[in-house]
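Structure, as C-alpha cells:
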Amino acid sequence: MDVTFEHKGPMTLIGYSTSIRMEEGYQKCPEFWNTAYTQRYARLWRTMTPETPVEKAILENGVGMFAICDEKEGSFDYWIAGLYRGGEVPQGLRLFTFPESDWAMFSAKGPLPGSLQALNTRIWQEWYPQKGQTYRDNGSAMLEVYSAGDMQSPDYECGIWMPVFMPEGLSGQETVSTMTGIL
C-alpha cells in the first residue's frame, strides 16, 4: 500500500457538510458531491464568475479540493472543503481546523468514487490492523485529497490523509506518495 508520513502545521479548511451514517458512506458521499455540483458548482465552473459571497469563497479557497470525514457516534460529518486562505466566511460555510500533526498519507489512482472507496477499504482492512495501530490517531477526522483533472480517468490521482502521532524512533517513511505536494 502506498503510504508516506509527513509533519504539517495546523490547517484550517472552509466548506459545508452533511451528516452521514457510517454504513451509508459509500452511497451518500458520492450523492452529496453530485447534489453539491448541481446546486453550487455547475454554473460557477462554466462562468468562473462568482455571483454570491459563497461562490466567491468557493473559488478563493479551492472548495472541492478536499473532503473531511469527521467521525461522530455512529455517523460522520462529511465536508466538501478547501484550504482556508482568510477572508469572509459567508453564511452556509464553516471552518474546520486540524492541529499540527504528523500525517499518514495514502494515494490511489483511478476513476472516482471507486478508487477512493477501494483505498479507504484497504486502509481499514489491511493497513490499520497490520501497521496502523502503531500510530495513535490524532483526532477523529481525516481528509480526502483530490487533484485537478478528469475524475473519471484511469490516471486520476487522489488520496486519504490521516492525522497520527508518530511513535518515538520511527521515521514512518514506507513509500513515496505523489500527493504530498498539494499542501
Side-chain angles (χ1 to χ4, degrees), residues 1-8 11 13 15-37 41 62-72 74-83 96-99 101-167 170-183:
M1 179 171 303
D2 190 13
V3 60
T4 191
F5 295 82
E6 188 173 315
H7 186 84
K8 293 188 176 294
M11 289 187 294
L13 291 94
Y16 51 95
S17 67
T18 190
S19 182
I20 297 175
R21 292 188 324 195
M22 293 291 193
E23 65 273 10
E24 296 180 324
Y26 285 178
Q27 174 191 350
K28 297 293 184 181
C29 291
E31 286 177 7
F32 186 53
W33 277 100
N34 290 337
T35 300
Y37 181 81
Y41 295 106
V63 173
M65 284 191 61
F66 301 96
I68 304 167
C69 300
D70 185 17
E71 189 175 329
K72 307 292 182 195
S75 67
F76 60 100
D77 288 345
Y78 187 73
W79 292 60
I80 296 175
L83 191 60
F96 186 99
T97 300
F98 285 97
S101 184
D102 294 310
W103 289 78
M105 304 161 109
F106 304 87
S107 61
K109 194 179 235 183
L112 291 179
S115 63
L116 195 67
Q117 290 176 352
L119 176 62
N120 187 64
T121 298
R122 288 186 64 210
I123 289 169
W124 293 109
Q125 290 181 357
E126 296 174 25
W127 181 79
Y128 186 76
Q130 294 173 12
K131 295 181 182 179
Q133 294 181 40
T134 305
Y135 311 95
R136 285 186 308 138
D137 188 341
N138 185 11
S140 61
M142 62 183 203
L143 276 176
E144 296 173 357
V145 182
Y146 303 98
S147 62
D150 178 3
M151 293 179 168
Q152 295 308 304
S153 167
D155 295 324
Y156 182 75
E157 294 183 10
C158 59
I160 294 176
W161 295 1
M162 299 171 62
V164 296
F165 290 106
M166 293 294 292
L170 281 184
S171 72
Q173 192 68 29
E174 293 181 25
T175 59
V176 176
S177 169
T178 58
M179 298 297 294
T180 59
I182 290 178
L183 289 177

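This chain uses plain numbering: 1 for the first residue, then up along the sequence. Since we're looking at a predicted model, the values are computed, not measured.
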> Once the angle between the rings of F32 and Y16 is folded into 0 to 90°, is it parallel (under 30°), tilted (30 to 60°) or perpendicular (over 60°)?
Replying inline: perpendicular

> Which heavy atom of A108 sits nearest a heavy atom of L119, and at what distance?
Replying inline: CB-CD2, 3.8 Å

> Say you draw a straight line from CH2 of W103 to CE of M142; how long is it, rounded to the nearest 0.5 Å?
Replying inline: 10.5 Å

>> Let me confirm one number: the CG-SG distance from N120 to C69, rounded to the nearest 0.5 Å.
In response: 7.0 Å

> Which pair of heavy atoms, one from S115 and one from K109, lies closest together, and at what distance?
Replying inline: CB-O, 3.8 Å

>> Against F106, only a single residue in Y128, W127, F5, W124 fulfils ring pair (Phe, Tyr, Trp, His ring centres under 6.0 Å); can you say which?
In response: W127

> Any side-chain donor paired with an acceptor under 3.5 Å for W33 and Y78?
Replying inline: yes

>> Please give me the minimum heavy-atom distance between Y156 and C158, naming the atom from each residue.
In response: CE2-CB, 3.9 Å

>> Ignoring hydrogens, what is the shortest heavy-atom contact between Q152 and L112? Give both atom names and the distance.
In response: NE2-O, 2.9 Å

> Is the F98-W161 ring centre distance short of 6.0 angstrom?
Replying inline: no

> Rounded to the nearest 0.5 Å, how far does CE of M105 lie from CD1 of I160?
Replying inline: 12.5 Å

>> Looking at every heavy atom in both P163 and S101, which two are closest together, and how far apart are they?
In response: CB-OG, 3.5 Å

> Any side-chain heavy atom of K131 within less than 4.5 Å of one from V3?
Replying inline: no

> So do the side chains of L83 and M65 get within less than 4.5 Å of each other, counting heavy atoms only?
Replying inline: no

> If every non-hydrogen atom of M22 is compared with every non-hydrogen atom of S75, which pair is closest and at what distance?
Replying inline: CE-O, 3.4 Å

> Is any side-chain heavy atom of I68 less than 4.5 Å from a side-chain heavy atom of L143?
Replying inline: yes

> Just by distance, with hydrogens left out, do E126 and Q130 show a side-chain donor and acceptor under 3.5 Å apart?
Replying inline: no

> From D77 CG over to I20 CD1, what is the distance, rounded to the nearest 0.5 angstrom?
Replying inline: 9.0 Å

> Under a 4.5 Å cut-off applied to non-hydrogen side-chain atoms, are D70 and F76 in contact?
Replying inline: no

> Is E144 reaching over with its side chain to a backbone N or O of G159, donor-acceptor style, under 3.5 angstrom?
Replying inline: no

